[in-house]
Amino acid sequence: MNLVEEIKKLKKEKGALILAHLYQRPEIQEIADITGDSYFLSKKALESSSNLIVFCGVRFMAESAKILSPHKKILLPAEESRCPMADMALIDRLEDLKKEHPKAKIISYINTNLDIKAVSDVCVTSSSALKIMNNIKEEEIIFLPDRNLGEFIAEHFPNKKFILYQGFCPTHERVEPWDITELTEKHPTYEVLVHPECKKEVRDLASFIGSTSEIINYATNSPSKGFVVVTEEGVLYQMKLKNPDKEFLPLNNSMICPNMKMTNLQKLYDCLLNESNEIIIDEEMRLKAHRALENMHKLGDD
Ligand code: 13P
Ligand code: SF4
């Protein structure tokens, strides 16, 4: 059986939309209708007229699509694919922080589970965070779960007080400055592209810091011919596709998100065929969480 052809056939028959995050395997990105960063995909899931969406990513992404579009059927091909950083945000710890800082606005990264979104004022993604923060009047902010993205945002808003939850992405946290300098010493003209989930010592070496799609766009528009890529290696697929004449170097210590790689063609096929792994969420919790995501799109789009 040719899985690619079968998936295309099923997709057409069912009128399904396949979304894929930029960390997905190349063959998944290739078959998807739309690829993008987490903000873009969330927007596309909301705007799509299709009532069947297959979300190739991790659970919080598919869950966010369901929160915003409760009448659509949202499927997650790799049912077990979670984001370990999202799982680090514990509701009891957040409740304690809220008690300690009752006036603070709660801003959560979209990489959070439903219970956290339900008590958040607004969600952000790495591409929308700075824009959204410009629209936040409150001076005190509880930001969770990513301490690195939180610190990156805080650097841009020195007049605000940030209380940072101590979560992190295991894939990005592992990177050390020398992982980069061992490449830039050999390639001193190469630009260094860094995701804000990396630590400050690593961000300090960046020529550009941005979300997955911002990094790809930057490389595409830059006159430079070579880049050191400091984020999950899935982005290399689109980078090379869009820039066949440029060179992209991943770190020698490879950066792979095992959860993002759980999705493969077989799982995508099975999920589409059986319409399995549907995201089902409690309606009361969904309504509470809706506000934070709605605010994200309101404040991130204008
Ligand atoms: P982007 O918003 O840049 O796509 O990032 C999502 C993510 O999970 C990064 O680790
Ligand atoms: Fe979560 Fe990190 Fe994987 Fe992104 S790369 S989904 S933050 S574990």
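Here the structure is a predicted model, which is why all the values come from computation and not from measurement. We're numbering straight along the sequence, starting at 1. Basis for what follows: all heavy atoms, side chains included, without hydrogens, waters or symmetry-related copies.
- In terms of the side-chain hydrogen bond (donor to acceptor under 3.5 Å, both in side chains) criterion, residue partners of Asp245 (sequence neighbours excluded) are, by chain and number, Lys225.
- Nearest heavy-atom pair, Arg174 versus Ile256, reported as atom, atom and distance to 0.1 Å: NH2-O, 4.1 Å.
- Between Glu151 and Lys199, no side-chain nitrogen of the basic residue sits less than 4.0 Å from a carboxylate oxygen of the acidic one, so the salt-bridge criterion is not met.
- The main-chain N or O of Asp115 is never found under 3.5 Å from a side-chain atom of Asn113 such that the two would form a donor-acceptor pair.
- Considering Lys160, Lys103, His101 in turn, His101 is the only one that fulfils the side-chain hydrogen bond (donor to acceptor under 3.5 Å, both in side chains) rule with Glu140.
- Classification of Asp121 and Arg291 as a salt-bridged pair holds, one side-chain N sitting under 4.0 Å from a carboxylate O.
- More than 12 heavy atoms of other residues, nucleotides or ligands lie within 6.0 Å of CD in Gln166, so this atom counts as buried by the packing criterion.
- Between Asp33 and Lys44 there is no salt bridge, since none of the side-chain N atoms of the basic residue sits less than 4.0 Å from a carboxylate O of the acidic one.
- When ring centroids are compared, Phe162 and Phe143 stay outside the 6.0 Å threshold.
- Ring geometry, Phe248 versus Phe227: the interplanar angle falls under 30°, so the pair is classed parallel (tilted spans 30 to 60°).
- Under a 4.0 Å N-O distance rule, the pair Lys43/Glu47 qualifies as a salt bridge.
- Salt bridge present: Lys200 and Asp204 bring a charged side-chain N and a carboxylate O closer than 4.0 Å.
- A donor-acceptor pair is defined here as one N or O able to donate and one able to accept, closer than 3.5 Å; no such pair exists between the side chain of Lys186 and the backbone of Thr181.
- Heavy-atom neighbours of Glu284 CD from other residues, nucleotides or ligands within 6.0 Å: at or below the threshold of 12.
- Salt bridge annotation for Glu80-Lys267: present, with a cationic side-chain nitrogen under 4.0 angstrom from a carboxylate oxygen.
- Side-chain N/O atoms of Ser224 and Glu191 include a donor and acceptor closer than 3.5 Å.
- Heavy atoms only, all atoms of each residue included: Asp179 and Leu251 are closest at O-CD2, 3.7 Å.
- Classification of Lys14 and Glu275 as a salt-bridged pair holds, one side-chain N sitting under 4.0 Å from a carboxylate O.
- Annotation: side chain of Leu94 is in contact with side chain of Ile116 (closest heavy-atom distance under 4.5 Å).
- Lys105 and Glu139 are not joined by a salt bridge, as no carboxylate oxygen comes within less than 4.0 angstrom of a charged side-chain nitrogen.
- Salt bridge annotation for Glu233-Arg25: absent, with no cationic side-chain nitrogen under 4.0 angstrom from a carboxylate oxygen.
- When only modelled atom types and interatomic distance are considered, His297 and Ser42 share a side-chain donor-acceptor pair under 3.5 Å.
- A centroid separation of 6.0 Å or more is found between the aromatic rings of His21 and Phe55.
- Cluster note: Tyr237 groups with Leu241 through ILVMFWY side-chain heavy atoms spaced under 4.5 Å, whether in direct contact or through intervening members.
- Ion pairing of Asp301 with Lys131 is absent here, as no side-chain N (NZ or NE/NH1/NH2) approaches a carboxylate O to less than 4.0 Å.
- Tyr39 and Glu214 are not linked by any side-chain donor-acceptor pair at a separation below 3.5 angstrom, with hydrogens and angles left out of the test.
- For the pair Pro145 and Tyr109, the minimum side-chain heavy-atom distance is below 4.5 Å.
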